[in-house]
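So the structure is just underneath, and the comments pick up after that.
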2 protein chains.
Amino acid sequence: MDKSDALTSFAALSQSTRLDVFRLLVKAGARGMLSGEIGEKLDVRQNTMSANLAVLLNAGLVRNERQGRTIRYFADFDTMRGLLGFLMEDCCGGRPDLCQPVIDEIACAC
Amino acid sequence: MDKSDALTSFAALSQSTRLDVFRLLVKAGARGMLSGEIGEKLDVRQNTMSANLAVLLNAGLVRNERQGRTIRYFADFDTMRGLLGFLMEDCCGGRPDLCQPVIDEIACAC
DNA sequence: TAAATATATCAATTAATCATGATATATGGA
DNA sequence: TCCATATATCATGATTAATTGATATATTTA
């Protein structure tokens, strides 16, 4: 994860539909979701959804896998990890009390 | 942290100078940095830096504090925490092995 | 192989964002 | 109060991004 990758990722997440899509896929985890399923759930037209998924793919935030006629999308937790690592690099100037709560927050109860 | 806040934050982080600024401030931690100091370090003109700091402020990703003629900026770790919490909400569909590495990554060594 | 379904690409219009020069505001010191 | 320093705001031109209708590609089924 270099700076350019990080910029691409943040840009991808800074659009309403794409943020919704990514959060849906985070929730879905290893199950993933079909492209059409996502579009239907979010009430977004087919070509708009395709374009937005392409942006997320390009950013590496999601992966996909063809299954017959359909394509299943997954959140890419490795990219997520790299992105947060990049953002928090050498964080908090030696005071763990600043960054520890940030870490605790995403310690999900799954 | 609602969706609109998250979008504003990601948009703020999706621009080169602002990403640099935020990462500098993350490293600086509680020390923070003066506006002019940041601009000098990143070689960015005064008004451009001011505009970019305003975007980060508006997103709540940084706070500031006037000190005489100068203004000191700080990364806001609470906002950061809220943002990551929002993004990873109900994450990984019941498989902790997916999201645990994400958490470990940002467990900084400070 | 033809039709149906699922998804992607293209071209064009509209909208948002960025850096910049010029200028304004605020604070401190002479 | 006048000047210098530090930062913010404004107006503008240039670049970039988003949605959409139309169309293309890929896969399955008949």
Side-chain angles (χ1 to χ4, degrees), chain A residues 3-25 28 31-76, chain B residues 3-25 28 31-76:
Chain A
K3 183 178 154 188
S4 165
D5 296 332
L7 286 171
T8 304
S9 287
F10 286 128
L13 292 172
S14 70
Q15 198 272 345
S16 178
T17 298
R18 291 195 299 262
L19 181 55
D20 287 338
V21 169
F22 186 73
R23 296 213 312 146
L24 268 182
L25 292 178
R31 262 179 290 122
M33 285 178 78
L34 302 182
S35 172
E37 209 179 350
I38 302 170
E40 201 170 337
K41 175 119 181 176
L42 298 179
D43 195 26
V44 172
R45 288 167 199 242
Q46 187 273 318
N47 56 355
T48 300
M49 181 51 64
S50 175
N52 280 316
L53 285 169
V55 173
L56 288 166
L57 266 179
N58 176 253
L61 286 166
V62 307
R63 285 173 298 107
N64 67 6
E65 188 178 291
R66 180 172 279 279
Q67 292 181 337
R69 276 196 274 229
T70 67
I71 299 185
R72 187 173 293 270
Y73 283 81
F74 307 89
D76 190 318
Chain B
K3 183 177 153 189
S4 164
D5 295 333
L7 285 171
T8 304
S9 287
F10 286 128
L13 292 172
S14 71
Q15 198 273 345
S16 178
T17 299
R18 291 195 298 262
L19 181 56
D20 287 339
V21 169
F22 185 73
R23 295 213 312 147
L24 268 182
L25 292 178
R31 262 178 289 123
M33 286 178 76
L34 301 181
S35 172
E37 209 179 348
I38 302 171
E40 201 170 336
K41 174 120 183 175
L42 297 180
D43 194 27
V44 171
R45 289 166 198 244
Q46 187 273 317
N47 57 355
T48 299
M49 181 53 64
S50 174
N52 280 315
L53 284 169
V55 173
L56 288 166
L57 266 179
N58 176 253
L61 287 166
V62 306
R63 285 172 299 106
N64 66 6
E65 188 178 290
R66 179 172 280 278
Q67 293 181 338
R69 275 197 274 228
T70 67
I71 299 185
R72 187 173 293 271
Y73 283 82
F74 306 89
D76 190 316

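Protein chains get the first letters and strands the later ones, always in sequence-line order, with residue 1 at the start of each.
Not one side-chain nitrogen or oxygen of B:R66 sits closer than 4.0 Å to the OP1 or OP2 atom of D:dA6. For the pair B:N52 and C:dA19, the criterion of a side-chain N or O lying under 4.0 Å from OP1 or OP2 is met. Contact annotation: B:Y73 does not reach the phosphate of D:dA6 (side-chain N/O to OP1 or OP2, under 4.0 Å). Side-chain nitrogen and oxygen atoms of B:R69 include none within less than 4.0 Å of the OP1 or OP2 phosphate oxygen of C:dG29. The phosphate of C:dT27 has neither OP1 nor OP2 within less than 4.0 Å of any side-chain N or O from B:Q67. Taking 4.0 angstrom as the limit, A:Q46 places none of its side-chain polar atoms (N or O) nearer than this to OP1 or OP2 of D:dT20. Contact annotation: B:S50 side-chain N/O to D:dT7 OP1/OP2 distance is not under 4.0 Å. For the OP1/OP2 pair of D:dT20 and a distance below 4.0 Å, the side-chain nitrogens and oxygens of A:T48 include at least one atom meeting the criterion.
One interatomic measurement links the two molecules: CZ of B:R72 to C1' of C:dA26, which rounds to 18 Å at whole-angstrom precision. In this structure, CG of A:L34 is placed 13 Å from C1' of C:dT5, rounded to the nearest angstrom. Atom-to-atom, CG of B:L13 to C1' of C:dC18 comes out at 17 Å; the value is rounded to the nearest Å. Rounded to whole angstrom, the span from the CG atom of B:L53 across to the C1' atom of D:dA8 amounts to 11 Å. Atom CD1 of B:I71 and atom C1' of C:dG28 are 14 Å apart (whole Å). Between the P atom of C:dT23 and the CZ atom of B:R45 lies a distance of 16 Å, rounded to the nearest Å. Between A:E37 atom CD and C:dT5 atom C1' there is a gap of 16 Å when expressed in whole angstrom units. Distance A:L57 CG to C:dA8 P: 8 Å, rounded to the nearest Å.
Contacts of A:R18 with the nucleic acid, taken as non-hydrogen atoms under 4.0 Å apart, involve only primed sugar atoms and P, OP1 or OP2. Note on B:S35: only backbone sugar-phosphate atoms sit closer than 4.0 angstrom, heavy atoms only; bases stay farther off.
Remark: the backbone N or O of A:G68 is paired with a side-chain donor or acceptor of A:R66 at under 3.5 angstrom. With B:S50 contributing its side chain and B:N47 its backbone, the two residues share no donor-acceptor pair below 3.5 Å.
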Stepwise, does the salt bridge (Lys or Arg N to Asp or Glu O under 4.0 Å) test hold for A:K41 with A:D20?
CA-CA 10 Å; A:K41 175 119 181 176; A:D20 287 338; over 6 Å; no
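Contact annotation: the side chain of A:N52 never approaches that of A:L56 to less than 4.5 Å [non-hydrogen atoms, C-beta and beyond]. Residues A:T17 and A:T48 fail the side-chain proximity criterion, which asks for heavy atoms closer than 4.5 Å. Looking at B:E37 and B:T70, their side chains never come closer than 4.5 Å, going by heavy atoms from C-beta outward.
In the set D:dT7, D:dA8, C:dC18, the nucleotide with an atom closest to the side chain of B:N64 is D:dA8. Comparing D:dT19, C:dC18, D:dA8 by their nearest atom to the side chain of B:N47 picks out D:dA8.
Where A:V55 and B:A51 meet DNA chain D, the nucleotide closest to each residue was compared, and B:A51 sits on the side nearer the 5' end.
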